[in-house]
Amino acid sequence: MSERSERTGGAAAQPHRREGASGRVLRFRFDGREYEGLEGDTLASALLANGVRAVASSIRLGRPRGVYAAGSEEPNALVQIEEPFPEPMLQATTVELYDGLVATGLPGQGRLADRPDPARYDAVHAHCDVLVVGAGPAGIAAAGVAARAGARVILADERPEPGGSLLGTAETLDGRPGREWAAEEVAALAALPEVRVLRRTTVLGHYDDNHVIAVERRTNHLGAAAPADVARERVWRIRAGRVVLATGGHERFVAFAGNDLPGVMLAGAARTYANHYRVLPGRRAVVFTTNDSAYAAALDLADAGVEIAAIADVRQAPGEAWAARCAERGLEVLTGHVVTAAKGEGEVSSVEVASREGGQAREIPADLLLVSGGWTPVVHLFSQAGGTLRYDEELGAFTPGETRQAVEAAGFARGVRTLRACLEDGAEAGRRALAAAGFAVPAGPAVPSGTAVPSAGEEPAAAPAEHLWLVEAPGDGGDYGTHFVDLQRDVTVGEVLRAVGAGLTSVEHVKRYTTAGTAHDQGKTSGLLTGGVVAHALGVDVAELGTTTFRAPYTPVSFAALAGRDRGPLHDPVRVTAMHEWHVARGALFENVGQWKRPWYYPRRGEGPGEDPGEDMEAAVLRECRAAREDVAAMDASTLGKIDVVGPDAAVLLDRLYTNMMSTLKVGSIRYGVMCRPDGMVFDDGTVIRLADDRFLVTTTTGNAAAVLDWMEEWLQTEWPDLRVCCTSVTEQWATVALVGPRSREVLARLAPGLAVDNDSFPFMTWRDAEVAGIEARVCRISFSGELAYEINVSSWSGLALWEAVMASGEVTPYGTETMHVLRAEKGFPIVGQDTDGTVTPQDLGMEWIVSKKKADFVGKRSFARADTSRPDRKHLVGLLPEDPGVLLPEGAHLVETSALPEPPVPTLGFVTSSYRSAALGRTFALALVSGGRERVGERLYAPVGADLVPVTVTSHVLYDPEGARRDG
Amino acid sequence: MLLIACPWCGPRDEAEFHYGGQAHVAYPEDPAALSDEEWARYLFFRDNPEGLFAERWSHTAGCRRWFNAVRDTATNEIHAVYRAGEPRPVIA
């Protein structure tokens, strides 16, 4: 292979590249073929340079589609990047070309990557006085005024370089190409200390109080050369004092037969390809326009070497200056004409043009059809921000109206037409932003540009546009079946007419009926056109019809970017106890409880290779349960929520929040308690330890610790601000070891020789301060298993030392949450959130005894007198014994009365909330919430499991040691 | 995302706050004296206006204080914030 030049004159390799184009040659593959492009190309411009016309196919009809636009409004040219990393549903017009790019055209839908994304994504929070969206003439002028007065300014633009419309039009400023002016001006602004210029950054959403979300694409354009230490995309969350929307406009097309054929292109886009990318999108073009702007495009393309076969202008009188220029150049202008059809097999080969007054249509051979149906201001963000829109008759489009937010549009985004006027309008917007932010507004030239006011080139006086939405020549089928209004959704005029014929008179309804405007281009080129066709069909004005609602995101955003670093282990904080490393070393499996990692069970490892596989979960849990019931076992209970409740009125607060009496609790004692919501439903349970007259330590369930603290503070602040109480979370200050089993007293006595552990000295539901294993500790006689048990609390710093001391003798079996669940379920102790679901009262749980009759009131009390809470068919917590003692019911299984299922709907009596194998009972058992359950003890019910109906017997929820004989050892 | 002016901390992102529903719904003086219907009204019924609405917020990830705000539910504009226990201000 011969040495290739790094510079190219656009030779045979890129047949549609203009002479004199320069830049580094980039190699890429598209749809399996090798191509060359130039640095600075988009995938779309590179494909056009290579004469590729059909880039994708349409989603519903499978019609070939080509490049239609030159920016983020592109409806057609959807591609999937395959290499270096798969990414679906990108617009070829916004994919910057790089060496080694491999892409394919899409049939309207992409494919997700089949491998994990190796890239990093990040997020930034920023504040500024003025956010300017769009670095075209108006945006640069606004940012310039604000920035030079010292305001903190962010200037964001979605494209790789500033300039906006200047990039495509080749207009001059101060006698310089507009592109140069923009680059120099923005570079000067970026050098100011309070200015941040964000290139390749799309503002996606504009929310309340000027909260704005943008995505910056940092390395996408580098392909495989992207440095691994730079985030691929970055989400900007910006809170702006004031926002200037200098978002410019999108050209729209006109509905005529075959307006989707490859070779049909927006006139402004063709101008951008010719001027900015140095690409000729065709050789011989027909221009179809409703306004003056397409003349500039036609003349630029003619200068670039495209033969302009004819200009069909729907108006009788185009702008005189433009007509004169066309005459000079010998371009044929057909006034009062429309394009009735674009024709060709798979791409445009001829264009049918006819006078609007009738007569014979004329067919003109051409491979390019440039369309301009007028320009629509980009009002997406203004509308998202809550602004109203109003119809501009002259423009034939909606422009920003009123808003309550500190936001304004500038330049063409609010319908300002000429370059000069846009520069001045931007500068004025900058001044208003300064004034609003409290800066002194500088005197001086209307438009800053360093040395002189730019003269904004020569701008011929404009003739008014005529707003034509639809060419009324129904096409070959006679049904407007190829007059497309939404190219990406394949919606035609025929379908819009059917929708209107079906009685739909609102654009919102037509949108939902036809799906027009719902594709991922958000209807940028099609929204107003759809409205125009609906208005035409209804015989009403577009103005009164209005627009559909604009919603974020302005362009599609990847989930990876939104997720940022909040993935994997960083998705949610992981909380571990002081003893965690011991559990890991011991081979515990872990269960997530809220954010906590709790040991689930500790399987015995296999001995030696191959022969002994070790324990499975069932064997491990049965062994742990036996140890707790027959010997001695220990669990890390540090995750229980702990709240320090302190103050002279602490007892009053607890009396009001718990269903039972807490004020009568003696210092040194412990009481179990239940909290309800005002509706009487159980909210949380736990123990209350009285440390002093004015001090309690409250424990909560692991998952509810924060909610209980919130609950206490809410009542204290909003209802009882007179109570002198402080509540502090101390969950992480304490580490807790539950020491359980008939031999627990003996083990504790050895660890705490100074503590009198006999039952009389240290009775059930009391606590003692003691030294345990040489560590200052608070020991509580609490049992969540029914066995003799202690909870030893020490400072978190000493948690691991205490646990190791408990385990040192080797006689104490560690157990996890699964064993804890089995032990408590055997005793019928409910777990709030597992055996309850916010519809269960203490009485439903069989805990009538915990609801005080003496207290005048407590939260929930009044609801126990409601008819609903005393219904006899309320669901009660009961035990279930499957008739086959080996059958384990699935949790969540429903319960029915009959041994065969009746026709649906099947009446169910309740459901299983907990289900385990019990070592102590030598069988399986379950807890369940069953309608009128306590009256059903002894009855047989059935649990549908798969195709079977499993017979079960209803029992009391307390299945083990109902007399409570074991708790004192 | 709203910018909410906590009466204690100043303007902060909405993400720092927890919503608490309608304000000025006091826990009844003597629940036992209420009929079932009156108690049910306290438990289950809240206003849902389009327009100005006095509502409770808690600055959960900040000072942890509860306070009240008058917000226009149609525009999300917050017209006033005030401390718990203070009367609802009159919005012109």
Side-chain angles (χ1 to χ4, degrees), chain A residues 125 127 205-213 237-241 385-388 402-406 552 656-657 676-681 706-707 709-722 726-729 855-870, chain B residues 1-5 7-8 11-45 54-68 71-79 83-86:
Chain A
H125 292 262
H127 294 78
H206 194 153
Y207 303 91
D208 287 308
D209 297 313
N210 272 347
H211 191 249
V212 168
I213 305 288
R237 302 194 169 98
I238 302 168
R239 185 75 76 171
T388 61
E402 301 300 315
T403 173
R404 69 165 196 90
Q405 291 221 44
R656 291 183 188 177
L657 290 181
C676 291
R677 295 196 178 271
D679 64 3
M681 303 304 150
L709 181 65
D710 288 351
W711 185 241
M712 291 178 167
E713 291 187 340
E714 181 180 340
W715 285 96
L716 277 173
Q717 289 182 39
T718 64
E719 293 293 346
W720 309 317
D722 53 311
C726 282
C727 304
T728 311
S729 166
K855 289 196 284 185
D857 193 30
F858 56 83
V859 174
K861 180 179 170 81
R862 174 64 183 81
S863 290
F864 299 139
R866 292 177 62 223
D868 184 63
T869 52
S870 51
Chain B
M1 179 161 37
L2 297 177
L3 192 64
I4 298 173
W8 306 92
R12 295 288 189 277
D13 274 349
E14 184 184 344
E16 294 183 14
F17 296 84
H18 184 89
Y19 186 64
Q22 184 176 354
H24 308 296
V25 182
Y27 186 77
E29 197 72 27
D30 181 9
L34 300 186
S35 69
D36 273 6
E37 189 188 327
E38 287 166 332
W39 179 244
R41 289 218 159 263
Y42 164 73
L43 285 182
F44 304 125
F45 286 72
E55 60 194 15
R56 308 188 312 155
W57 288 87
S58 169
H59 194 186
T60 328
C63 64
R64 295 191 63 79
R65 297 273 200 149
W66 282 90
F67 62 92
N68 295 329
R71 182 176 59 98
D72 188 323
T73 59
T75 65
N76 265 346
E77 188 170 2
I78 293 176
H79 290 268
R83 297 175 182 187
E86 292 178 357

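Scope of the values below: all heavy atoms of this structure, side chains included, with no hydrogens, waters or symmetry mates. Just so we're on the same page: letters track the sequence lines, and every chain starts at 1.
Contacts of A/Y207 classified as ring pair (Phe, Tyr, Trp, His ring centres under 6.0 Å), with partners at least two apart in sequence or in another chain: none. Judged as a salt bridge (charged side-chain N to carboxylate O under 4.0 Å, His left out), and not counting sequence neighbours, B/R65 has no contacts.
In terms of non-hydrogen atom pairs under 4.5 Å with chain A, the most contact-rich of B/L3, B/I78, B/N76 is B/L3. In terms of non-hydrogen atom pairs under 4.5 Å with chain B, the most contact-rich of A/D710, A/N210, A/I213 is A/D710.
Neither the backbone nor the side chain of B/S58 comes within less than 4.5 Å of any heavy atom in chain A. The parts of A/E714 that come within reach of chain B are both its backbone and its side chain, each placing non-hydrogen atoms under 4.5 angstrom from that chain. For A/P721, no part lies under 4.5 angstrom from a heavy atom of chain B. For A/R866, the parts lying near chain B are the backbone and the side chain together; criterion is any non-hydrogen pair under 4.5 Å. Contact of A/F858 with chain B is made through the backbone alone, with heavy-atom distances under 4.5 Å. Proximity to chain A (any heavy atom under 4.5 Å) is shown, for B/R64, by both the backbone and the side chain.
The side-chain heavy atoms of A/R239 and B/D13, taken from C-beta on, include a pair separated by under 4.5 Å.
Summarising the geometry, atom CZ belonging to B/R56 is positioned 10.0 Å from atom CD belonging to A/Q717; distances are rounded to the nearest 0.5 Å. With values rounded to the nearest 0.5 angstrom, B/E14 atom CD is found 9.0 Å from A/D209 atom CG.
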Quiz: residues 25-34 of chain B side-chain donor-acceptor pairs under 3.5 angstrom, not counting sequence neighbours:
| from | atom 1 | to | atom 2 | distance (Å) |
| --- | --- | --- | --- | --- |
| B/Y27 | OH | A/D857 | OD2 | 2.7 |
| B/D30 | OD1 | B/A32 | N | 3.3 |

Worked check of side-chain contact (heavy atoms from CB on, under 4.5 Å) between B/T60 and A/E713: CA-CA 10 Å; B/T60 328; A/E713 291 187 340; over 6 Å; no
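Annotation: residues 36-45 of chain B contacts chain A through B/D36, B/W39, B/Y42, B/L43, B/F44 [non-hydrogen atoms, separation under 4.5 Å].
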